[in-house]
Number of protein chains: 2
Amino acid sequence: MSQPPTQKNRANLRDVAREAGVSVATVSRVLNSPALVQEATRKRVQQTIEELGFVRSAAARAINSGRTQILGALVPTLDNDIFAITLNAMENRLVELGFSLVVATTDEDPEKETRKAKELLDNGVEGLVLTGKSHTDALYQMLERRYVPAVVISCFDTEYRLPTIGYDNHKAAALAYQHLTSCGHEDVVIIHGPTEYNDRTQARLDAIAELQGGQIRRAVETELSVTGGAQAVRNLLDQGSDCDALLCLSDVMAFGALNELNRAGKSVPENLSVMGIQDLPAAAETYPRLTTVHLPVQQMGMQAAEGIADWVVHQERPRPIEVQSTLVKRETVANRW
Amino acid sequence: MSQPPTQKNRANLRDVAREAGVSVATVSRVLNSPALVQEATRKRVQQTIEELGFVRSAAARAINSGRTQILGALVPTLDNDIFAITLNAMENRLVELGFSLVVATTDEDPEKETRKAKELLDNGVEGLVLTGKSHTDALYQMLERRYVPAVVISCFDTEYRLPTIGYDNHKAAALAYQHLTSCGHEDVVIIHGPTEYNDRTQARLDAIAELQGGQIRRAVETELSVTGGAQAVRNLLDQGSDCDALLCLSDVMAFGALNELNRAGKSVPENLSVMGIQDLPAAAETYPRLTTVHLPVQQMGMQAAEGIADWVVHQERPRPIEVQSTLVKRETVANRW
DNA sequence: GACTATTATGTAACTAGTTACATGAAAATG
DNA sequence: CATTTTCATGTAACTAGTTACATAATAGTC
């Protein structure tokens with residue numbers, strides 16, 4: 001039977017010291033600054049560590065250093081690609097910087113986010129990466145009271161109370177919409193995800209409203225997913241409503257939209273144009289290839305990782321960082337002039 | 001200037017005790033078993049905790065309980081949907097069970113996985129969820145030496161040295177291939193991702209090899225992504241090679257394949273059939289809708305969460321759990337009889 | 001009113017490391 | 001050869017909690 005020495009009979013520093021016939025300080029030195037220990041002693045201690053299968057307790061280290069080396073990220077969901085690429089980049093960079101990343105999902109619900117943030121902080125997370133600007137006062141207070149570094153991704157706003165590291169959603173949407181109008185599209189239907197607590201979608205809508213004279217002319221709200229995009233188009237077609245172009249405020253919805261238009265026998269961009277925002281890798285492979293606005297989410301993930309790590313280590317609040325969105329012209333927008 | 005009291009001047013248990021005029025034991029009781037403390041005292045202590053903004057140190061708690069409440073998941077990547085849904089489900093269930101989830105990516109590289117596993121364990125993770133069966137001996141030894149609970153997802157094998165919680169890749173691929181043959185498809189091209197260190201892809205290929213008399217007849221290896229699927233089809237078309245059906249061993253490649261076939265003007269399933277494996281949500285919305293094998297990855301995520309949490313808490317190794325794959329007939333497979 | 005039971009609280013010893021300071025011995029300097 | 005410096009190591013006091021045990025103060029019983 002395998003003994004179940006979960007934590008109990010695991011060797012600790014004192015065991016190693018006793019077994020090797022040295023003091024705890026010496027063992028600690030072998031682990032942390034081996035140069036200070038004579039070679040013979042060091043060898044002996046190292047061998048004892050091997051023999052006893054000794055592993056330093058992370059908790060005990062943390063208690064002394066006040067550092068857990070763990071950061072947390074709160075994202076709305078992992079269920080689609082929108083945040084996955086950012087997280088992937090963030091995780092990779094953080095590991096290089098010596099941190100682990102705890103991921104928690106919020107379902108775009110500020111209350112849930114607050115609860116999860118509390119759990120993460122209670123579990124020893126040293127800093128947080130939040131998504132967007134919609135958070136509860138309780139969360140802000142918690143961060144301030146505990147002096148927890150926290151940065152915000154997926155948006156850019158120098159005035160915001162936390163450092164933002166991301167793209168300007170307003171600009172990105174304007175870029176997309178203006179491309180459509182510059183190609184002669186008059187009647188554009190905006191397909192967007194839920195706006196409740198989603199300031200990024202709201203900012204994109206606001207930008208378009210501005211360009212349409214203060215009021216969005218035609219918009220349909222749907223689920224922020226491939227399925228949502230498909231459903232929106234299905235409804236539009238069922239109602240027999242016509243338009244020049246579809247602007248999906250996120251690529252995933254554009255993917256669904258394109259599929260559904262193909263199914264309905266509508267030619268894109270001959271019958272109508274379609275645009276997305278984000279430029280996921282798959283956007284280059286849709287049929288037809290999706291014209292979209294590129295959001296450098298990978299770069300954002302890396303910068304966020306560096307920003308939060310720096311803040312935690314050097315107690316220096318990072319400046320907001322804007323990553324630039326750019327228009328990617330492919331095949332789903334026609335020139336109507 | 002905001003004081004930078006990162007860790008230092010943060011109030012601790014002793015500060016609260018002194019300020020409230022009670023002993024440290026009483027404060028600890030207020031936090032852990034408030035019923036044992038008289039109401040007046042409890043109120044006073046709670047108020048002092050509020051005033052001083054006292055927050056329990058996770059590290060100090062962990063040192064006593066030997067429990068960090070943190071689990072780790074090692075997945076090949078977050079860059080596409082394949083693992084995102086599983087992780088999402090896992091994270092949600094783990095939070096319910098009182099754990100946090102640290103996510104690390106391995107790029108399907110056992111050495112990198114071993115390094116990351118070590119980092120996670122050194123950072124205090126109590127248990128691991130691994131993906132697939134390709135791991136280094138060093139990793140196995142590390143897990144055994146440290147008595148770290150670890151379960152494996154995305155496969156099912158009762159003989160494996162760690163408990164597997166997942167689907168049987170062999171069965172899933174057989175299910176897909178047999179559907180194609182039962183519909184009269186003779187000449188099937190298998191499109192699959194890299195097999196190096198990817199035992200799941202290998203198991204799927206093995207199943208098909210068996211059904212084809214020991215040797216895969218036609219296969220093309222590509223990147224495990226939408227882009228990869230599209231490229232594979234592009235190459236196939238460029239070479240002018242014909243076939244009855246395309247079996248993509250993962251939905252994401254099927255998405256790319258369908259797009260590319262649409263682009264080439266090939267009718268699916270009239271010209272050729274296409275199948276995927278996984279049944280991502282988007283599979284129901286492709287054009288045409290993708291026939292695939294459903295892998296209940298959400299259920300797998302939940303079960304894995306429960307299995308590893310149980311093992312960590314009750315020191316009881318879970319039994320392997322198989323989640324069943326099922327055929328989902330949609331529109332991309334024609335009957336050739 | 002004395003004796004026991006119950007309840008609330010405190011003391012101090014744990015958990016597993018790190019580290020300032022002290023000590024002793026060997027090496028370098030005058 | 002004595003003195004100072006350097007190096008290796010040990011002692012014990014920290015980090016921030018938890019908890020077994022002791023004690024004091026009520027409450028309940030005979």
Side-chain angles (χ1 to χ4, degrees), chain A residues 5-46 48-49 52-69 121-126 146-147, chain B residues 5-46 48-49 52-69 121-126 146-147:
Chain A
T6 327
Q7 332 282 133
K8 292 295 90 181
N9 30 1
R10 246 183 56 189
N12 63 25
L13 245 205
R14 261 115 190 145
D15 296 331
V16 175
R18 191 178 334 104
E19 195 71 15
V22 297
S23 71
V24 291
T26 299
V27 180
S28 185
R29 277 183 210 111
V30 169
L31 295 166
N32 298 307
S33 29
L36 296 180
V37 181
Q38 214 175 0
E39 177 152 357
T41 318
R42 196 193 323 144
K43 283 264 170 69
R44 184 153 40 93
V45 171
Q46 273 160 346
T48 311
I49 286 174
L52 300 184
F54 166 74
V55 181
R56 279 233 255 343
S57 147
R61 300 196 73 191
I63 215 181
N64 285 293
S65 63
R67 300 286 319 279
T68 61
Q69 306 286 75
L121 294 177
D122 287 349
N123 276 356
V125 152
E126 294 191 72
R146 304 193 186 192
Y147 304 99
Chain B
T6 329
Q7 330 283 134
K8 292 295 88 183
N9 30 1
R10 246 182 56 187
N12 63 25
L13 245 205
R14 261 116 190 143
D15 295 332
V16 175
R18 193 179 332 104
E19 193 71 15
V22 297
S23 71
V24 289
T26 299
V27 180
S28 185
R29 278 184 209 112
V30 168
L31 295 166
N32 298 309
S33 28
L36 296 180
V37 181
Q38 216 175 358
E39 177 152 358
T41 318
R42 198 194 320 145
K43 284 264 170 69
R44 185 153 40 92
V45 170
Q46 273 160 347
T48 311
I49 287 174
L52 299 184
F54 165 74
V55 181
R56 274 231 263 339
S57 147
R61 300 196 73 192
I63 214 179
N64 285 292
S65 63
R67 300 286 318 280
T68 60
Q69 305 288 69
L121 294 177
D122 287 350
N123 277 355
V125 152
E126 294 192 70
R146 304 193 187 191
Y147 303 100

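Lettering follows sequence order; numbering is per chain, from 1. Everything quoted here is computed from the prediction, not taken from an experiment.
Per the geometry, CZ belonging to B/Arg10 stands 14 Å off P belonging to D/dT15, to the nearest Å. Regarding A/Gln38, its CD atom lies at a distance of 11 Å from the P atom of C/dA26, rounded to whole Å. In this structure, A/Leu31 places its CG atom 12 Å from P of C/dT19, rounding to the nearest Å. To the nearest angstrom, P of C/dT15 lies 10 Å from CD1 of B/Ile63. When rounded to the nearest whole Å, the span between CG of B/Asn64 and P of D/dT18 equals 7 Å. Taking atom CG of residue B/Leu13 and atom P of nucleotide D/dT15, one finds them 13 Å apart after rounding to whole Å. One can place CZ of A/Arg29 at 11 Å from P of D/dA8, the figure rounded to the nearest angstrom. Spacing between atom CG of A/Asp15 and atom P of C/dG17 amounts to 9 Å, rounded to whole angstrom units.
Within the 4.0 Å cut-off from OP1 or OP2 of D/dA16, not a single side-chain nitrogen or oxygen of B/Arg56 is found. Phosphate proximity of C/dA16 to A/Ser57: absent, as no side-chain N or O sits under 4.0 Å from OP1 or OP2. Side-chain N/O atoms of A/Thr41 include one lying less than 4.0 angstrom from OP1 or OP2 on D/dT9.
Taking the nucleotide of DNA chain D with the nearest heavy atom to each of A/Gly21 and A/Ala60, the more 5' of the two is matched to A/Gly21. Between A/Phe54 and B/Val37, the one whose closest nucleotide on DNA chain C sits nearer the 5' end is B/Val37. Comparing A/Val27 and B/Thr26 by the nucleotide of DNA chain C whose heavy atom lies nearest to each, the residue mapping closer to the 5' end is B/Thr26.
Residue A/Ser28 is in base contact, counting any heavy-atom pair closer than 4.0 Å across all strands shown. As judged by a 4.0 angstrom heavy-atom cut-off over every strand, B/Val45 is placed among residues making no nucleic acid contact. Among the protein residues, B/Arg14 comes within range of the nucleic acid bases, having at least one heavy atom under 4.0 Å from a base atom. Looking at heavy-atom distances under 4.0 Å, A/Val24 makes contact with a base.
Remark: of the listed residues B/Leu13, B/Thr26, B/Val45, B/Val16, B/Leu13 is the sole one forming a side chain to side chain contact (heavy atoms under 4.5 Å, CB included) with B/Leu31.
Side-chain N or O atoms of B/Thr68 include one that pairs as donor or acceptor with a backbone N or O of B/Gly124 at under 3.5 Å. Between the side chain of A/Ser28 and the backbone N or O of A/Val24, no donor-acceptor pair lies under 3.5 Å. Formation of a donor-acceptor pair under 3.5 Å by the B/Ser33 side chain with backbone atoms of B/Leu36 is not found in this model.
Of all non-hydrogen atoms in B/Asn32 and B/Arg56, the two that sit nearest each other are OD1-NH2, 3.3 Å.
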